[in-house]
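These notes concern the structure reproduced below.
By convention in this document, chain letters (A, B, ...) are assigned in the order of the sequence lines, proteins followed by strands, and residues within each chain are numbered from 1.
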Amino acid sequence: MPELPEVEVTRQALAPWLEGREVRAVQVRERRFRWPVPPGLARQLVGRRVQALGRRGKYLLWRFDHGTLISHLGMSGSWRVHPGAASGAAPPPGLHDHVDVAVDGALLRLTDPRRFGALLWHPVGAGAVERHALLAHLGIEPFDACFDGDWLYRATRGRVASIKQVLLAGDVVVGVGNIYASESLYRAGIHPRRPARRVGRARCALLAAAIRAVLAEAIEVGGSTLRDFRSAAGEEGYFMIEANVYGRAGQPCHRCGNPIRKLVQGQRATYLCVRCQR
DNA sequence: AGCTGGTCCTGATGGC
DNA sequence: TGCCATCAGGACCAGC
């Protein structure tokens, strides 16, 4: 479920259940994620209090005074809250419910069928979590006040790869996944195959604004263009954003009526209007 | 069989 | 020509 909006919506949903609460129990039923869930995680967390729930890119950061729990949802991960449930009172875990974290007043359950996600522990002794190998080379946050056309312009000079690939790489700006990359480029009128360094100043400004707008709107409606997205409370039928191009191959462009085309970049689908995007 | 939300790692490339 | 940042592809896994 995860592009930045889904992760941020998850963060907002979990934060009230976590911040200031003490971890009562941790149960790991499956530790084979992208990297193994560290043994002894329960020992690290039980009896400790979550100070704050943060986010960096698509990583959720559970901050404790003695370290940070890093959670990434990969392609198919999600956290679900079971309010009021002590570990015994929660529904029985399903096939892909791999981790339970019980806190005062709630059980948080991590589901991830494909197990591309991660759950890692970063102790304070290892330094600031921002310097963790997975976080150190991430690009700027799209909602950082410093992220604008000038930033994007400077960061993309010398990048031969296509603008879409550079957005997905996440070392320029974080949080733009496959769906929102297509949507942002459509909104900015930029062809996804255009070499990043061939996007001029003015169009970098359009693109930066488009990225922020697309992500902000997605967060506002609580989620996602994704078919199987559920809120952390488990509600189904969550609002779906109407995509302008993603998944609309053959259907008319909302702006000019030309059929939307699909192409493949780096083994991922890209959707665009060849008339509106140059 | 071929798609699908992400991104780390490896070995290769290409721009200064 | 050589160097090193950047690039492309493979890998991980389950469900539809």
Exercise. So A/His98 and A/His96, would you call those rings parallel, tilted or perpendicular, with 30° and 60° as cut-offs?
Worked result: perpendicular
For this session: Please check if the side chain of A/Asp104 supplies one atom and the backbone of A/Glu22 the other of a donor-acceptor pair under 3.5 Å.
Result: yes
Exercise. Taking A/Gln277 for the side chain and A/Cys273 for the main chain, is one N or O donor matched with an acceptor at less than 3.5 Å?
Worked result: yes
What integer distance in Å separates [X]:[atom1] from [N]:[atom2]?
X        : N      : atom1 : atom2 : result
A/Leu135 : B/dG6  : CG    : P     : 17 Å
A/Trp35  : C/dC13 : CH2   : P     : 13 Å
A/Gln267 : C/dA8  : CD    : C1'   : 8 Å
A/Gln165 : B/dG14 : CD    : P     : 15 Å
A/Leu73  : C/dC13 : CG    : C1'   : 15 Å
A/Arg157 : B/dC16 : CZ    : C1'   : 16 Å
A/Met75  : C/dA14 : CE    : C1'   : 11 Å
A/Phe33  : B/dG6  : CZ    : P     : 18 Å

If you compare every side-chain N and O of [X] against the phosphate oxygens of [N] (OP1, OP2), does one of them come in below 4.0 Å?
X        : N      : result
A/Arg197 : B/dC16 : yes
A/Arg114 : C/dG15 : no
A/His72  : B/dT7  : yes
A/Arg268 : B/dG6  : yes
A/His96  : C/dG15 : yes

Exercise. Given that both distances must come in under 3.5 Å, which nucleotide forms a Watson-Crick or G-U wobble pair with B/dG11?
Worked result: C/dC7
Seminar exercise, completed: Checking C/dG15, B/dC8, B/dT4 against the side chain of A/Tyr59 (C-beta onward), the nearest is B/dC8
For this session: Look at the side chain of A/Arg34 against the base of B/dC8 and say whether a donor-acceptor pair falls under 3.5 Å; ignore hydrogens and angles.
Result: yes
For this session: Indicate whether A/Phe116 forms a stack on C/dC12; treat it as stacked only if centroid distance is below 5.5 angstrom and interplanar angle below 30 degrees.
Result: yes
Exercise. Between A/Asp171 and A/Gly266, who's closer to the 5' end of DNA chain C by nearest nucleotide?
Worked result: A/Asp171
Problem set entry | Heavy-atom side-chain proximity of A/Arg55 to A/Leu61 below 4.5 angstrom | no
Problem set entry | A/Gly177 vs A/Val160, nearer the 5' end of DNA chain B by closest nucleotide | A/Gly177
Exercise. Shortest non-hydrogen contact from A/His254 to A/Ala243?
Worked result: NE2-O, 4.0 Å
For this session: Would you indicate what A/Leu168 reaches in the nucleic acid, counting non-hydrogen atoms under 4.0 angstrom: base, sugar-phosphate, or nothing?
Result: nothing
For this session: Classify the nucleic acid contact of A/Ala269 as base, sugar-phosphate or nothing, counting any heavy atom under 4.0 Å across all strands shown.
Result: sugar-phosphate
Problem set entry | Residues A/Ser71 and A/Trp79: side-chain donor-acceptor under 3.5 angstrom | yes
